[in-house]
Amino acid sequence: MYDLVVVGAGPYGLSIASHAAAAGIGVRVLGRPMASWRDHMPEGMFLKSEPWSSNLSDPSGEHTLAAYCASRGLRAEHGTPLPIGVFTEYGLWFGRSAVPSVEEETVVSVRPRTEGFLVETEGGETILTRTVALAVGVMPFVHRPEPLRALPRELVTHSSHHRDLSRFRGLDVTVIGAGQAALETAALLAECGAHPRVVARAGSVAWNTPPQPLERSALRSLIDPHCGLGTGWPSWVWSETPWVVRRLPGALRTRIVDRALGPAGAWWLRDRVESRIPVLLGQRLRAAVPAGGGVRLSLETAEGAATTLETDHVVAATGFVPDIGRLGLLDPYVRNRLRLAGTGRAPEVDGRFESSVPGLFFAGLLTAPSFGPSMRFVYGAGFTAERLVRGVRRRLGGRRGAPVPGSRRSAGSRATVTLG
Ligand SMILES: Cc1cc2nc3c(=O)[nH]c(=O)nc-3n(C[C@H](O)[C@H](O)[C@H](O)COP(=O)(O)OP(=O)(O)OC[C@H]3O[C@@H](n4cnc5c(N)ncnc54)[C@H](O)[C@@H]3O)c2cc1C
């Protein structure tokens with residue numbers, strides 16, 4: 001029996017695994033490393049977060065993005081957007097260097113057992129473990145507006161379905177949404193020869209301003225402090241004190257997560273969108289039906305003015321909504337026993353990321369309604385990994401199993417790393 005199985009090998013899963021292995025916990029890590037970044041983001045995208053706030057976390061603090069970039073002769077500087085390809089390679093390097101072993105396996109079920117959980121992989125392996133950390137990221141929670149759900153994938157896709165947008169060259173593409181994914185997808189579509197337009201419910205597009213220099217006067221820093229999620233006191237609280245957020249009433253936490261750091265385009269994207277791509281604002285999507293090989297969209301303003309438009313393809317850049325009901329791998333008995341956070345459908349976790357089902361831990365987006373907006377960003381991975389591993393140790397108590405080959409509690413040599 002293992003001490004811990006980490007499901008997921010994105011920034012959160014890899015950070016948790018690194019901390020767990022260093023703590024001598026017998027851990028297995030299952031998942032395709034950096035899958036969201038390798039498989040679900042179009043080539044040509046840039047990191048929106050600053051490089052210094054985009055670190056995965058290991059206990060030594062040595063495996064930073066800056067260290068990776070320095071070792072490769074790359075620049076990772078404040079105020080300079082970093083290609084997501086570099087960040088992806090950094091994550092893979094972290095997985096090889098700071099985690100004993102990652103197995104590229106999909107988990108199909110997690111079921112309770114008397115002394116823990118039975119984890120089953122797509123390959124048919126069953127693994128008994130005392131605790132489980134679910135760090136499955138954002139992809140299970142892809143959100144498509146209701147009118148688009150019945151349409152086939154040839155006509156409607158989600159922004160996370162694309163690595164290569166060149167298949168849309170010459171086509172009229174409507175991108176729904178007003179956040180970074182919508183605006184950057186539209187820019188990339190235009191740059192590869194498609195004819196995109198953006199349709200959004202919002203009355204205006206919000207653009208971030210360029211980040212302030214890291215070195216500023218003490219007064220300026222006091223008025224408008226820097227933090228992992230930008231500048232300003234509200235962001236400072238969300239990013240630097242997630243434990244404070246967790247102590248707020250559930251309904252307030254839900255409101256904070258829904259509203260804080262809302263949709264906005266990065267400062268460096270503005271010139272690539274404004275005056276190049278038509279943006280229809282204040283439009284609610286009422287209906288979408290197949291028409292003439294494409295899609296006919298019915299839109300309506302808040303005042304009731306209706307428009308229809310025809311388009312070859314719709315890309316819903318409408319984000320991700322954490323909902324435990326959509327996590328099919330989790331045994332229904334367990335799902336139904338989970339206490340939920342605030343007024344949403346994500347599990348409530350305690351101060352060490354343990355859910356109301358003993359031994360079952362969550363990380364990443366699913367914990368944003370408990371710990372606040374930083375859990376939606378890489379920045380939250382360090383706080384999570386350190387706390388969650390303390391929680392696992394507390395749950396294990398004296399019940400630790402034999403060391404797993406590759407964990408730092410064993411002889412020290414690393415097991416095979418199956419990173420691509
Ligand atoms: C377009 C886009 C741009 C973004 N840009 C930024 C940015 O600039 N800065 C930032 O901080 N954040 C950004 N984010 C948010 C980013 O996704 C998260 O910060 C980060 O990836 C969360 O890490 P994670 O480990 O929780 O999840 P993910 O990175 O989504 O990783 C999930 C992992 O779980 C695995 N997994 C899922 N299901 C299973 C299963 N059943 N069995 C086994 N493994 C499974 C996957 O294979 C993967 O390894 C962006 C998101 C998007 C969509």
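We count residues from 1, following the sequence as given. Numbering of ligands and ligand atoms starts at 1, following listing order. Hydrogens, waters and symmetry mates are skipped; everything else that's a heavy atom, side chains included, is used. Computed from a predicted structure; not experimentally measured.
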With Arg75 via salt bridge (Lys or Arg N to Asp or Glu O under 4.0 Å) - residues at least two apart: Glu77
For ligand 1, list every N/O pair with the protein closer than 3.5 Å, one pair per line with the distance.
residue: ligand 1; atom: 8 (O); partner: Lys48; partner atom: N; Å: 2.7
residue: ligand 1; atom: 8 (O); partner: Ser49; partner atom: N; Å: 3.1
residue: ligand 1; atom: 8 (O); partner: Ser49; partner atom: OG; Å: 3.4
residue: ligand 1; atom: 9 (N); partner: Ser49; partner atom: OG; Å: 2.7
residue: ligand 1; atom: 11 (O); partner: Val378; partner atom: N; Å: 2.8
residue: ligand 1; atom: 19 (O); partner: Arg376; partner atom: O; Å: 3.3
residue: ligand 1; atom: 19 (O); partner: Val378; partner atom: N; Å: 3.1
residue: ligand 1; atom: 21 (O); partner: Trp37; partner atom: NE1; Å: 3.0
residue: ligand 1; atom: 25 (O); partner: Pro11; partner atom: N; Å: 3.2
residue: ligand 1; atom: 25 (O); partner: Tyr12; partner atom: N; Å: 2.9
residue: ligand 1; atom: 30 (O); partner: Ser36; partner atom: OG; Å: 2.4
residue: ligand 1; atom: 30 (O); partner: Val138; partner atom: N; Å: 3.4
residue: ligand 1; atom: 34 (O); partner: Ala135; partner atom: O; Å: 3.4
residue: ligand 1; atom: 41 (N); partner: Val107; partner atom: O; Å: 3.0
residue: ligand 1; atom: 42 (N); partner: Val107; partner atom: N; Å: 2.7
residue: ligand 1; atom: 47 (O); partner: Arg32; partner atom: N; Å: 3.4
residue: ligand 1; atom: 47 (O); partner: Arg32; partner atom: O; Å: 3.4
residue: ligand 1; atom: 49 (O); partner: Ala9; partner atom: N; Å: 2.9
residue: ligand 1; atom: 49 (O); partner: Gly10; partner atom: N; Å: 3.4
residue: ligand 1; atom: 49 (O); partner: Arg32; partner atom: O; Å: 2.7

Sidechain N-carboxylate O distance under 4.0 Å for Glu348, Arg339: no
Partners passing salt bridge (Lys or Arg N to Asp or Glu O under 4.0 Å) against Arg72 (at least two apart in sequence or in another chain): none
Contact list for residues 160-183, test side chain to side chain donor-acceptor pair (under 3.5 Å), sequence neighbours left out: Thr157-His162, His158-Ser160, Asp164-Ser166, Asp172-Arg197, Asp172-Thr311, Thr174-Arg197, Thr174-Thr311, Gln180-Glu184
Contact check, side chains of Leu388 and Phe383, non-hydrogen atoms, under 4.5 Å: no
Short N-O contact, Asp350 and Arg394, less than 4.0 angstrom: yes
